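In this text the structure is predicted, and so the values were computed from the model without any measurement. Computed from heavy atoms alone, side chains included, the values below leave out hydrogens, waters and symmetry copies.
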Amino acid sequence: MAGMATGEERCPWLNVATASGFLGGALHMTLTSASCEFVRQDGGHEMTLRIEVGSMSAPHAQCGSGAEPLKAIGNEALACTYEGKAGWIAEQVTGRVRDQAFLVRISSNDRSTAPKTIREKVRKVAEQVAGILF
């Protein structure tokens with residue numbers, strides 16, 4: 001069944017069921033020691049949720065000068081548009097909790113999805129990630 005992970009494959013910052021809710025359906029997950037990536041494929045469309053946590057010295061360096069400061073999501077949290085793959089739309093939040101920096105990014109090749117909708121989803125995921133890091 002898509003969206004299920006074995007007992008050993010767990011993202012420490014977000015579970016598969018919650019990620020499925022944010023991405024709107026069944027997905028598969030890839031893990032590393034510092035990141036989780038959830039991917040939902042639906043027809044020719046793909047939506048990806050990526051979470052990275054580590055001791056990055058300047059997590060907001062991922063956002064440019066047009067970043068939107070966010071309150072109540074860890075420290076120094078910023079939301080911004082991410083320029084990734086050509087033809088994709090992506091929004092991200094970067095921030096820090098104590099000595100751990102985090103990055104949460106949602107990207108999609110479905111151009112009919114409103115960036116504002118993706119920004120709201122990525123903000124909500126970032127709230128959860130920051131809460132786990134506290």
Side-chain angles (χ1 to χ4, degrees):
M1 173 189 261
M4 294 192 68
T6 65
E8 295 178 26
E9 294 181 335
R10 289 190 172 177
C11 177
W13 310 291
L14 193 71
N15 66 44
V16 171
T18 303
S20 293
F22 282 115
L23 298 183
L27 50 83
H28 68 273
M29 176 179 61
T30 305
L31 301 172
T32 70
S33 61
S35 70
C36 303
E37 187 168 82
F38 303 93
V39 179
R40 177 178 179 256
Q41 295 176 325
D42 183 19
H45 295 125
E46 185 174 304
M47 185 175 276
T48 302
L49 165 58
R50 180 167 184 80
I51 301 169
E52 297 177 17
V53 176
S55 57
M56 303 182 323
S57 60
H60 53 278
Q62 295 280 338
C63 285
S65 60
E68 171 191 353
L70 300 174
K71 296 183 189 269
I73 302 179
N75 302 101
E76 303 169 3
L78 300 170
C80 61
T81 299
Y82 175 73
E83 300 296 327
K85 297 178 189 176
W88 285 59
I89 54 174
E91 295 288 327
Q92 67 183 15
V93 170
T94 63
R96 149 181 95 72
V97 174
R98 296 186 184 100
D99 63 345
Q100 290 190 305
F102 65 88
L103 174 127
V104 178
R105 180 181 301 137
I106 296 179
S107 55
S108 177
N109 66 350
D110 182 355
R111 301 294 288 178
S112 69
T113 305
K116 183 177 178 179
T117 301
I118 293 177
R119 171 101 30 128
E120 183 61 23
K121 286 182 181 193
V122 78
R123 187 190 61 76
K124 288 181 180 180
V125 174
E127 287 174 356
Q128 291 193 15
V129 170
I132 294 293
L133 293 174
F134 272 109

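- Residues Ile132 and Pro12 share a closest heavy-atom pair of CG2-O, 3.6 Å.
- The two residues Phe134 and Arg98 make their nearest non-hydrogen contact at O-NH1, 3.0 Å.
- A heavy-atom distance below 4.5 Å is not found between the side chains of Glu76 and Leu78.
- One hydrophobic cluster holds both Leu133 and Val122 under the rule that ILVMFWY side chains link at heavy-atom gaps under 4.5 Å.
- The closest donor-acceptor contact from the side chain of Arg40 to the backbone of Gly24 lies under 3.5 Å.
- What you find for Ile118 and Ser108 is that their closest heavy atoms are CD1-CB, 4.3 Å.
- Among all heavy-atom pairs drawn from Ile106 and Leu23, the shortest one is CG2-CD2, 4.4 Å.
- Applying the disulfide bond (SG atoms under 2.5 Å apart) test to residues at least two apart or on different chains, none of the pairs has a partner in residues 93-134.
- Within the structure, every pair that satisfies the disulfide bond (SG atoms under 2.5 Å apart) test and touches residues 77-117, not counting sequence neighbours, is listed here: Cys63-Cys80.
- Leu27 has its side chain within reach of Ser20: a pair of non-hydrogen atoms, C-beta onward, lies under 4.5 Å apart.
- Just one of Thr18, Val125, Ile51, Leu31 meets the side-chain contact (heavy atoms from CB on, under 4.5 Å) condition when paired with Phe38; it is Ile51.
- Closest approach of Val104 and Ala126 over heavy atoms only: CG2-CA, 4.0 Å.
- Met47 has its side chain out of reach of Asp110: every pair of non-hydrogen atoms, C-beta onward, lies at least 4.5 Å apart.
- A heavy-atom distance below 4.5 Å is not found between the side chains of Arg10 and Asn15.
- Sorted pairs that involve residues 96-134 and meet disulfide bond (SG atoms under 2.5 Å apart), not counting sequence neighbours, are lacking altogether.
- Of the residues listed (Arg50, Arg123, Arg105, Glu52), the one engaging Gln92 in a side chain to side chain donor-acceptor pair (under 3.5 Å) is Arg105, and it is the only one.
- The shortest distance between side-chain heavy atoms of Ile73 and Phe102 falls below 4.5 Å.
- Scanning both residues, Trp13 and Ser33, for their nearest heavy atoms gives CH2-O, 4.2 Å.
- For the pair Arg96 (side chain) and Gly74 (backbone), a donor-acceptor distance under 3.5 Å is absent.
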